[in-house]
Amino acid sequence: VGDFADGLFHGYGVFSSSASGNYRGNYVAGEMEGVGELVYADGSRYEGEFKANQPHGKGKLIYVDGTYYVGDFVKNRPHGKGQWFFADKSTYSGDVVNGALTGKGELIRDGSKYVGEFVNGKMQGKGVFTDTQGNSYSGEFANDAFTGEGTYSGTDGDVFIGQFNNWALNGEGMQTDKKCNYRDWE
């Protein structure tokens with residue numbers, strides 16, 4: 001249902017298909033183009049800009065579980081700058097590449113916060129992690145854990161500077177406590 005030109009959807013229209021879902025929005029020469037809304041067969045929904053029959057530009061993708069993404073889309077995928085709001089109440093704001101948290105961003109999960117680099121949805125590279133008690137680690141991350149050179153600062157005043165592996169002290173480093181006592185560790 002909608003406007004036609006030369007036998008093709010052109011202008012505003014509504015299209016429904018059990019296989020691909022329901023679309024309501026603008027068409028240009030028979031293709032979804034401009035602003036519209038697509039409700040997929042699985043119940044998830046995209047609202048935003050379309051180009052060449054797919055989400056492209058600014059938009060919002062809402063999944064059935066309540067997770068949603070707001071930001072840039074390129075050729076049907078979240079890509080560019082955006083924000084994820086996950087069903088578990090965690091949030092991410094930053095770079096997205098082909099739907100994955102990749103580049104620089106901020107992740108808040110279970111009261112903890114990480115600001116830094118991501119690769120394929122994992123903390124990877126340089127960043128700062130602060131837990132729910134206010135303890136923090138600044139340094140290198142690999143596979144979602146502090147791994148490499150870094151500084152851990154506890155709310156009790158203890159500071160550890162050195163090598164870490166999978167969230168734990170590992171290798172050489174030094175410790176200073178709240179009384180300014182210093183010691184090396186291996």
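For this chain, numbers begin at 1 and follow the sequence in order. Quick caveat: nothing in here was measured; it's all calculated off a predicted structure.
To the nearest 0.5 Å, the span separating CG on N170 from OG1 on T147 amounts to 9.0 Å. Interatomic distance, OG of S138 versus OH of Y152, reported as 13.5 Å (0.5 Å rounding). With rounding to the nearest 0.5 angstrom, the CZ atom of F9 is 10.5 Å from the CE atom of M32. Expressed to the nearest 0.5 Å, how far CH2 of W84 lies from OG1 of T91 amounts to 13.0 Å.
The two residues S93 and Q83 have their closest heavy-atom pair at OG-CG, 3.7 Å. In this structure, G150 and F164 approach most closely via the heavy-atom pair O-CE1, 3.4 Å. Scanning both residues, A41 and S18, for their nearest heavy atoms gives CB-O, 3.7 Å. In this structure, Y92 and D95 approach most closely via the heavy-atom pair OH-O, 2.7 Å.
No side-chain donor-acceptor contact under 3.5 Å links T102 to the backbone of V96. A donor-acceptor contact shorter than 3.5 Å is absent between the side chain of H79 and the backbone of F73. The backbone N or O of A87 sits less than 3.5 Å from a side-chain atom of T67, completing a donor-acceptor pair.
By the 4.5 Å heavy-atom criterion applied to side chains, F146 and T151 are not counted as neighbours.
Sorted by first and then second residue, the side-chain hydrogen bond (donor to acceptor under 3.5 Å, both in side chains) pairs with a member in residues 106-115 form an empty list; sequence neighbours excluded. The salt bridge (Lys or Arg N to Asp or Glu O under 4.0 Å) contacts involving residues 130-152 comprise K126-E140, where partners must be two or more places apart or lie in separate chains. Residue pairs meeting the salt bridge (Lys or Arg N to Asp or Glu O under 4.0 Å) criterion with at least one member in residues 9-33: none, sequence neighbours excluded. Among residues at least two apart or in separate chains, there is no salt bridge (Lys or Arg N to Asp or Glu O under 4.0 Å) pair with a member in residues 150-167. For residues 49-63, every residue pair satisfying the side-chain hydrogen bond (donor to acceptor under 3.5 Å, both in side chains) rule, not counting sequence neighbours, is listed here: K58-D72.
In this view, K104 satisfies the salt bridge (charged side-chain N to carboxylate O under 4.0 Å, His left out) rule with no residue, not counting sequence neighbours. For S90, the side chain to side chain donor-acceptor pair (under 3.5 Å) test picks out D88, with sequence neighbours left out. Annotation: side chain to side chain donor-acceptor pair (under 3.5 Å) contacts of S17 (sequence neighbours excluded): S20. With sequence neighbours left out, the salt bridge (charged side-chain N to carboxylate O under 4.0 Å, His left out) criterion links K75 to no other residue. Taking the side chain to side chain donor-acceptor pair (under 3.5 Å) definition, one finds that E37 meets it with R45, sequence neighbours left out. Applying the side chain to side chain donor-acceptor pair (under 3.5 Å) criterion to T155, with sequence neighbours excluded, gives N135.
Between Y23 and F50, the ring planes lie perpendicular to each other; the angle is over 60°, past the 30° to 60° tilted range.
In the hydrophobic clustering of ILVMFWY residues, with side-chain heavy atoms under 4.5 Å counting as a link, Y69 and F86 come out together.
By the 4.5 Å side-chain criterion applied to Ile, Leu, Val, Met, Phe, Trp and Tyr, F85 is assigned to a cluster that also includes I62, Y68, V70.
Proximity of the aromatic rings of Y27 and F15 is defined here by a centroid distance below 6.0 angstrom, and this criterion is not met. Separation of the F141 and Y137 ring centroids falls under the 6.0 Å cut-off. Between W167 and F129, the distance separating the two ring centers is shorter than 6.0 angstrom.
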